[in-house]
Each structure stands twice: as C-alpha cells, then as structure tokens.
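Taking it in order: structure first as structure tokens, then the write-up.
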Amino acid sequence: MKSVAASGSSNKILWLSIVQGWAILLVVLGHVNGFTYSDVPGEFYPLSEWLHRFCYSFHMPLFMFVSGALLYYSRLSKGWKVSALYKDKLKRLLIPYLCFTIIGFMIRAPFAAITKRGMDVSVEGFMKALFDPGNGPVAELWFIGTLMWLMFLYPVYKTMLRSAWSEIILLAVTLLPYVSGLHLNVSGWLGVANVTTYAFYFVAGMLFFKYNLIRIFEHSIWPVIAITCLYVACFLLIPDYKVITALLGIFMSFGWGVRIADVCDLFSSFRDHSFQIFLVGIFPQMLVELVLWTRFHGELTLLPFYILSCLLAIYSGVLVSRIGSRIRCRCLRWGIGLK
C-alpha cells in the first residue's frame with residue numbers, strides 16, 4: 001500500500017479514494033433524511049433518526065478535512081503559485097457554483113408553491129440565491145461557497161505552513177471559534193460565515209498530510225479499532241462534544257480506508273465522481289421524495305426509499321461525469337466540475 005510520502009504525483013492514493021467514496025455516501029445518506037416532509041406523520045423513524053445523527057456527526061468536517069488534505073498534497077506541496085491556484089479554483093468551483101444555481105433555479109421555479117422551503121422566483125430572488133447559497137434553490141451549494149473562501153486563503157497557508165510554530169498558531173486561530181463560542185454571524189457572501197465553522201478541519205487536513213500522519217494506521221489495525229470505539233462512545237454518550245466526535249469520525253474514516261485498501265477496491269464504481277454526485281445527486285433525490293415518499297411513506301417503505309434515493313443520487317452523478325468527460329467544450333466540462 002502506498003503512503004502519502006511514497007505516492008507519485010500522478011498516482012491516485014487508493015485509501016484516499018475510498019475515503020472520498022465514503023464521504024460522498026454519507027452526504028447522500030444525509031440528504032435522504034433531509035428531504036422528508038415535516039408534515040408527514042412519524043417523519044423521524046428510528047432508522048431515519050439514527051442515520052441522520054450518524055451522518056451529521058462528522059460528514060461535512062470529513063469533506064473539509066479531505067479538501068484541505070488534497071490542497072496540500074496536490075497544490076501546496078508542489079509549490080503552486082497563488083495566481084495559478086485562483087485560476088484553477090475559478091474553473092473548478094466558481095463556474096459549477098454559478099451553473100448549478102441557475103439549473104436549480106430553473107428546475108425548482110415551476111414547483112415553488114409546493115416545495116418545503118418555497119422560493120422567490122423573481123430576478124431579485126435569483127440574485128439573492130447567488131449571493132446566499134444556503135437560502136437558494138440548491139441550499140447544499142453553501143459547501144462550494146465556503147470552500148471557495150477557504151481556497152481564497154491560500155496565501156495564508158503558504159506563509160503559515162513554513163514552520164511548526166506558525167502552524168500551531170494557525171491551527172489555534174481556527175480552533176478559537178469553538179473555544180470562545182464566537183462565530184461569524186453574517187448571512188450571504190457565498191457562505192463566508194461557515195468559514196469559522198470549518199476552517200479548523202480544513203487546516204487540520206493539510207497538516208495531516210504534511211506530516212504523513214496516516215502512517216499511524218498503516219502497520220496495525222488496533223489504532224483504528226481504538227478510535228472507532230472512542231467515536232462510538234462519544235457519539236452515544238457525549239454528542240454535544242461535536243469537535244471531538246467529528247475528529248474521531250474523520251480519523252476512523254481514514255483508518256478504515258487504509259485497512260480496507262489492503263483487501264478490496266471499495267466504492268470503485270463511484271468514488272472518482274464525488275463532486276459530480278454532490279452537484280447532480282440532489283435533484284433525483286428531491287424527485288423521488290416528491291413523487292414516491294410523500295405518497296407511500298411508512299415503516300415498510302422507508303428502507304427501499306433510502307436505497308432508491310441513494311442509488312439515483314450516486315449513479316446520476318456518475319452518468320453525468322462520464323458523459324461530461326466526453327464533451328470537447330471545456331466550458332461545459334467546467335460547468336459540471338470536470339477539468
């Protein structure tokens with residue numbers, strides 16, 4: 001198995017690909033629960049409530065941690081210039097953000113009267129959606145907005161990751177909002193308020209890769225078993241300790257990714273299309289909820305509903321990714337998050 005240090009720049013790290021597949025699966029599962037109507041009797045069935053709590057205990061911190069790790073591994077450690085990084089993220093993040101805000105607006109506008117959150121279909125409503133993704137037609141785009149802000153801080157990372165002391169200072173500053181309880185209370189601005197919530201995980205991911213901490217899990221299964229037990233204990237007994245629970249969930253995911261990579265090629269059918277699944281998958285999930293779940297909700301249909309919703313979300317994203325990779329027009333490929 002290849003460690004971070006041993007992997008070539010052109011090689012994909014199998015265990016990291018498995019972790020990415022696991023992360024997008026958690027997101028898709030979380031979106032199933034998020035799209036059940038609040039006026040459905042018994043909305044939170046035991047299975048639904050447990051899956052919701054499990055996914056949301058660490059899935060977005062995991063995504064941010066992986067994003068920071070990849071930024072260090074593929075860009076920062078290779079000496080990318082600030083201008084080159086900004087140009088790259090303009091294509092990979094801003095263009096898909098704009099495209100899927102427009103697509104979401106066009107798809108949801110005809111159903112504005114019957115959707116849960118409703119939607120302002122005016123020109124002013126569209127501009128607000130661009131400015132404030134959390135309240136737009138595809139609320140999940142807040143992640144891309146926040147990620148763009150974190151990428152915008154690339155010059156800070158280049159400066160601060162030069163010495164151990166400045167790294168400690170940077171990590172402490174990003175942890176400060178959790179210690180003090182003070183977070184940005186600003187709406188709009190492409191989700192800038194979420195930076196204080198997720199910068200710690202993003203920076204921690206960079207440092208995790210810089211110091212090759214994955215080696216902790218490479219030689220024995222016992223560290224990941226111990227961390228898994230600690231995660232379960234925190235999840236069940238002290239759920240309010242969210243940062244600790246999230247970090248344990250992240251390390252648990254990385255540890256099992258390393259161990260599983262030694263025995264099988266897990267999530268190989270979709271793990272390399274995670275960004276397209278994130279962008280596209282929410283639409284079939286909304287459709288299956290609107291068409292099926294609102295009519296046939298119940299204990300017997302809950303598990304089939306989860307399975308169908310997840311399969312549609314995952315493989316619609318895979319389909320879009322594979323079709324998009326054959327498109328010659330680069331601008332269209334950029335619109336769905338492809339190079």
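This structure is a prediction, so every number in the text was calculated from the model and none was measured.
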When you compare the side chain of [Y] with that of [X], does any pair of heavy atoms fall below 4.5 Å?
{"X": "Leu190", "Y": "Phe131", "answer": "no"}
{"X": "Leu292", "Y": "Leu287", "answer": "no"}
{"X": "Thr197", "Y": "Thr146", "answer": "no"}
{"X": "Pro177", "Y": "Leu182", "answer": "no"}
{"X": "Tyr154", "Y": "Met151", "answer": "no"}
{"X": "Leu141", "Y": "Ile144", "answer": "yes"}
{"X": "Val19", "Y": "Arg271", "answer": "no"}
{"X": "Leu94", "Y": "Lys89", "answer": "no"}

How many angstroms lie between [atom1] in [X] and [atom2] in [Y], if you round to the nearest 0.5 Å?
{"X": "Ile323", "Y": "Ser325", "atom1": "CD1", "atom2": "OG", "result": "9.0 Å"}
{"X": "Met206", "Y": "Arg75", "atom1": "CE", "atom2": "CZ", "result": "14.0 Å"}
{"X": "Asp240", "Y": "Cys234", "atom1": "CG", "atom2": "SG", "result": "11.5 Å"}
{"X": "Trp80", "Y": "Lys87", "atom1": "CH2", "atom2": "NZ", "result": "10.0 Å"}
{"X": "Leu175", "Y": "Ile168", "atom1": "CG", "atom2": "CD1", "result": "13.0 Å"}
{"X": "Ile238", "Y": "Ile244", "atom1": "CD1", "atom2": "CD1", "result": "5.5 Å"}

For [X], all residues meeting ring-ring contact (aromatic ring centres under 6.0 Å, His included), sequence neighbours excluded:
{"X": "Trp142", "answer": "Tyr198"}
{"X": "Tyr86", "answer": "Phe152"}
{"X": "Tyr231", "answer": "Phe58, Phe235"}
{"X": "Tyr315", "answer": "none"}

When the ring centroid of [X] is compared with that of [Y], is the distance short of 6.0 Å?
{"X": "Phe208", "Y": "Phe254", "value": "yes"}
{"X": "Tyr56", "Y": "His52", "value": "yes"}
{"X": "Phe100", "Y": "Phe105", "value": "no"}

Exercise for the section: May I ask you to decide whether Asp272 forms a salt bridge with Arg322, counting only side-chain N to carboxylate O separations under 4.0 Å? Expected result: no
Exercise for the section: Answer yes or no: is there an ion pair linking Arg162 with Glu167, defined by an N-O contact shorter than 4.0 Å? Expected result: no
Practice task
Return yes if some donor-acceptor pair links the side-chain N/O of Ser166 with the main-chain N/O of Ser163 below 3.5 Å, else return no.
Solution key: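 Yes, the answer is positive, given that a donor and an acceptor are paired below the 3.5 Å cut-off.
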Practice task
Say whether, by atom type as modelled, one donor and one acceptor occur between the side chain of Ser316 and the main chain of Leu312 under 3.5 angstrom.
Solution key: yes
Is there a path of hydrophobic side-chain contacts, each under 4.5 Å between heavy atoms of I/L/V/M/F/W/Y residues, joining [Y] to [X]?
{"X": "Val27", "Y": "Ile307", "result": "yes"}
{"X": "Tyr241", "Y": "Leu236", "result": "yes"}
{"X": "Val179", "Y": "Phe200", "result": "yes"}
{"X": "Ile169", "Y": "Leu176", "result": "no"}
{"X": "Leu153", "Y": "Leu71", "result": "yes"}

Distance-only donor-acceptor pairs under 3.5 Å for side chains of residues 326-339, two or more places apart:
unit_1 : atom_1 : unit_2 : atom_2 : d
Arg333 : NE     : Lys339 : O      : 2.7
Arg333 : NH1    : Ile327 : O      : 2.6
Arg333 : NH1    : Arg328 : O      : 3.1

Practice task
Decide yes or no on side-chain contact (heavy atoms from CB on, under 4.5 Å) for Met106 and Ile103, but give the supporting numbers first.
Solution key: CA-CA 5 Å; Met106 293 173 63; Ile103 291 170; 5.7 Å; no
Non-hydrogen atoms of [X] and [Y] that approach each other most closely:
{"X": "Ser57", "Y": "Thr245", "value": "CB-CG2, 4.2 Å"}
{"X": "Tyr306", "Y": "Ser48", "value": "OH-OG, 3.2 Å"}
{"X": "Leu62", "Y": "Ile250", "value": "CA-CG1, 3.8 Å"}
{"X": "Arg295", "Y": "Val291", "value": "CD-O, 3.4 Å"}
{"X": "Ala313", "Y": "Val28", "value": "CB-CG1, 3.8 Å"}
{"X": "Gly104", "Y": "Val138", "value": "CA-CG2, 3.7 Å"}

Can you see whether [X] engages [Y] through a side-chain donor-acceptor pair at a distance of less than 3.5 angstrom?
{"X": "Thr228", "Y": "Trp256", "value": "yes"}
{"X": "Ser67", "Y": "Tyr201", "value": "no"}
{"X": "Ser274", "Y": "Gln20", "value": "no"}

Problem - Lys242 atom NZ, over 12 foreign heavy atoms within 6.0 Å - result: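 12 or below, so no.
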Exercise for the section: Decide whether a cation-pi geometry holds between Lys78 and Tyr73; the criteria are a distance under 6.0 Å from NZ or CZ to the six-membered ring centre and an angle within 45° of the ring axis. Expected result: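 The answer is yes; both the distance and angle limits are met.
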Exercise for the section: Let me see the working for Phe54 and Leu26 under side-chain contact (heavy atoms from CB on, under 4.5 Å), right down to the final yes or no. Expected result: CA-CA 9 Å; Phe54 174 69; Leu26 290 175; 3.6 Å; yes
Exercise for the section: Could I get the full list of side chain to side chain contact (heavy atoms under 4.5 Å, CB included) partners for Ala199, not counting sequence neighbours? Expected result: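 Leu150, Thr174, Val195.
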Practice task
Go through the steps for Leu76 and Leu85 under the test side-chain contact (heavy atoms from CB on, under 4.5 Å), then give the verdict.
Solution key: CA-CA 9 Å; Leu76 198 55; Leu85 188 281; over 6 Å; no
Practice task
Decide side-chain contact (heavy atoms from CB on, under 4.5 Å) for Arg259 and Val224; before the verdict, give the C-alpha distance in whole Å, the side-chain angles of both, and the deciding distance to 0.1 Å.
Solution key: CA-CA 9 Å; Arg259 306 313 307 178; Val224 68; 4.0 Å; yes
Problem - Leu213 and its side-chain contact (heavy atoms from CB on, under 4.5 Å) partner, picked from Tyr211, Phe209, Phe217 - result: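 One option only clears the test, and that one is Tyr211.
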Handout entry: Worked check of ring pair (Phe, Tyr, Trp, His ring centres under 6.0 Å) between Tyr157 and Phe202
Key = CA-CA 11 Å; Tyr157 312 140; Phe202 191 83; 5.7 Å; yes
